[in-house]
Amino acid sequence: MSILYFDHAATTPVKDEVLQEMLPYFTNNFGNPSSIYSIGRRSKKAVENARTKVAKAIGCQEKEIYFTSCGSESDNLAVKGVAFANKNKGNHIITSKIEHPAILNTCKNLEENGFEVTYLNVDENGFIDLQELKNSIKPETILISIMFANNEIGTIQPIKEISKIAKDSEIIFHTDCVQAVGNVKIDVNEFGIDLLSMSAHKFYGPKGIGALYVRNGIEFTRIQDGGHQEKNKRAGTENVAGIVGLGKAIEIADNNLENYNSKLLKLRNYFIREITSKYDNVKINGDLKQRLPGNINISFPGIDAEELLLKLDNQGICASAGSACSSGSTQPSHVLTAIGLSEEYATGSLRITLGEENTIDDVKFLINCIEKILG
Ligand code: PLP
């Protein structure tokens with residue numbers, strides 16, 4: 001049985017061009033970038049070359065990019081790094097209720113360490129309220145961290161407006177772009193972003209490698225002690241092959257953004273049109289316009305999405321549910337709860353995230369399978 005993969009928000013396959021570029025750094029070019037002899041220098045050059053590609057893709061300077069091990073580490077470094085470095089200025093952070101656990105749990109940790117965090121509400125489409133954001137700002141606010149695009153419902157926040165509010169109050173603005181990079185053209189200056197997290201495995205690069213952009217002049221502390229790598233901000237021998245893979249993957253994604261988006265949009269619109277014409281009680285969660293092109297989050301009320309997923313898996317289909325079964329009871333996701341979905345709609349929520357390999361025939365097969373299972 002062949003596999004039909006519709007879970008690109010979870011991870012993406014590594015592109016062959018990316019893998020080919022990485023391979024020499026596992027074999028002949030295995031040198032440590034900190035070593036001064038030739039194979040060390042070769043690795044160092046490869047790391048810097050990748051840094052240039054990342055900087056070019058998001059419109060910043062090379063020296064503003066720090067490589068990390070993943071999106072979660074980038075988020076930790078951004079939020080804790082800014083919080084600890086700026087605690088003499090204040091102890092208040094603003095974020096939203098629908099952030100990824102990499103942000104939410106980092107904030108919880110900071111709350112246990114003397115910081116105060118405001119978690120903004122979102123409306124039924126997943127947007128924060130800009131007025132609530134303004135009202136939440138206090139003299140002690142040092143950081144606003146709002147994700148660019150949500151991993152479950154795909155909603156894209158009004159980032160330019162948010163960054164302007166932060167700038168007007170001289171507050172540092174971080175955005176978790178783990179789902180957005182590779183899907184949306186992001187220029188950090190155009191969007192007014194001070195810190196940005198990304199992760200290669202979401203845009204056809206390898207797992208275990210991420211990056212953090214930090215605007216020149218923003219104070220942040222290291223959270224991992226050790227050697228002097230990454231300008232003394234992130235200790236640990238660099239994952240050279242991973243960094244090379246991230247650089248190649250972001251370069252390809254950036255050159256291909258328009259085609260990729262229009263392909264995914266066609267598939268997504270086809271799916272939504274067909275399914276909503278067959279089932280009139282389904283609900284598409286998240287905003288229909290300001291949305292990641294490959295994201296479909298759909299609730300089938302009265303259906304157990306986990307059960308549906310298992311049946312789809314029997315047909316070779318990989319997708320994801322908006323609720324997770326833990327200790328025998330199904331827990332609706334914090335995102336679906338925050339947008340106000342009833343338990344019935346939340347437990348019936350299926351997340352389909354489209355990607356490069358998917359075709360219209362794949363989507364037709366998926367619809368067919370759903371129809372056979374649901375009747
Ligand atoms: N932030 C968002 C929005 C994500 O979707 C994810 C992963 O799904 C992460 C952070 C964490 O990224 P990583 O898996 O690279 O740690």
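The residues of the chain are indexed from 1 along the displayed sequence. Numbering of ligands and ligand atoms starts at 1, following listing order.
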Point to revise | Proximal atoms of ligand 1 relative to Q179 (non-hydrogen, under 4.0 Å) | key: 3 (C), 4 (C), 5 (O), 8 (O)

Check your understanding: Does N295 reach the side chain of Q179, with side-chain heavy atoms less than 4.5 Å apart?
Key -> no

Review point. Are the aromatic ring centres of F220 and Y66 under 6.0 angstrom apart?
Key: yes

Exercise for review: Look at atom 11 (C) of ligand 1 and say which protein heavy atom is nearest, naming residue and atom and giving the distance to 0.1 Å.
Suggested key: S72 OG, 3.4 Å

Review point. Tell me: protein heavy atom nearest atom 1 (N) of ligand 1, and distance?
Key: D176 OD2, 2.7 Å

Check your understanding: Do the side chains of I128 and F148 join up, straight or via other hydrophobic residues, at under 4.5 Å, putting them in one cluster?
Key -> yes

Practice item. Could you find the nearest protein heavy atom to atom 4 (C) of ligand 1 and give me its residue, atom name and distance? Key: H100 CD2, 3.2 Å

Revision key, fill the gap. Across all chains, not counting sequence neighbours, the ring pair (Phe, Tyr, Trp, His ring centres under 6.0 Å) partners of F6 are none

Point to revise | Counterpart residues, side-chain contact (heavy atoms from CB on, under 4.5 Å), relative to T141 (two or more places apart) | key: H92, I94, I137, K138, I171

Check your understanding: Heavy-atom contact under 4.0 Å between K202 and ligand 1?
Key -> yes

**Study point:** Atoms of ligand 1, numbered as shown, that sit under 4.0 Å from any heavy atom of N151
**Key:** 3 (C), 5 (O)

Check your understanding: Short question: side chain of D75, backbone of S72 - any donor-acceptor pair under 3.5 Å?
Key -> no

Practice item. May I ask you to decide if the ring planes of Y204 and Y260 are parallel, tilted or perpendicular, using 30° and 60° as cut-offs? Key: perpendicular

Review point. Just which atoms of ligand 1 are under 4.0 Å from any heavy atom in M147?
Key: 3 (C)

Practice item. Starting from atom 15 (O) of ligand 1, find the nearest protein heavy-atom neighbour and note its residue, name and distance. Key: S199 OG, 2.6 Å

Check your understanding: Under 4.0 Å from any heavy atom of D75, which atoms of ligand 1 are there?
Key -> 1 (N), 10 (C)

Review point. Is the NZ atom of K15 crowded by more than 12 outside heavy atoms at less than 6.0 Å?
Key: yes

Check your understanding: Are any of the N/O atoms in G71 less than 3.5 Å from those in ligand 1?
Key -> yes

Exercise for review: Would you check whether K207 reaches within less than 4.0 Å of ligand 1, judged by its heavy atoms?
Suggested key: no

Point to revise | ligand 1 atoms in contact with H201 (distance to a heavy atom under 4.0 Å) | key: 13 (P), 14 (O), 15 (O)

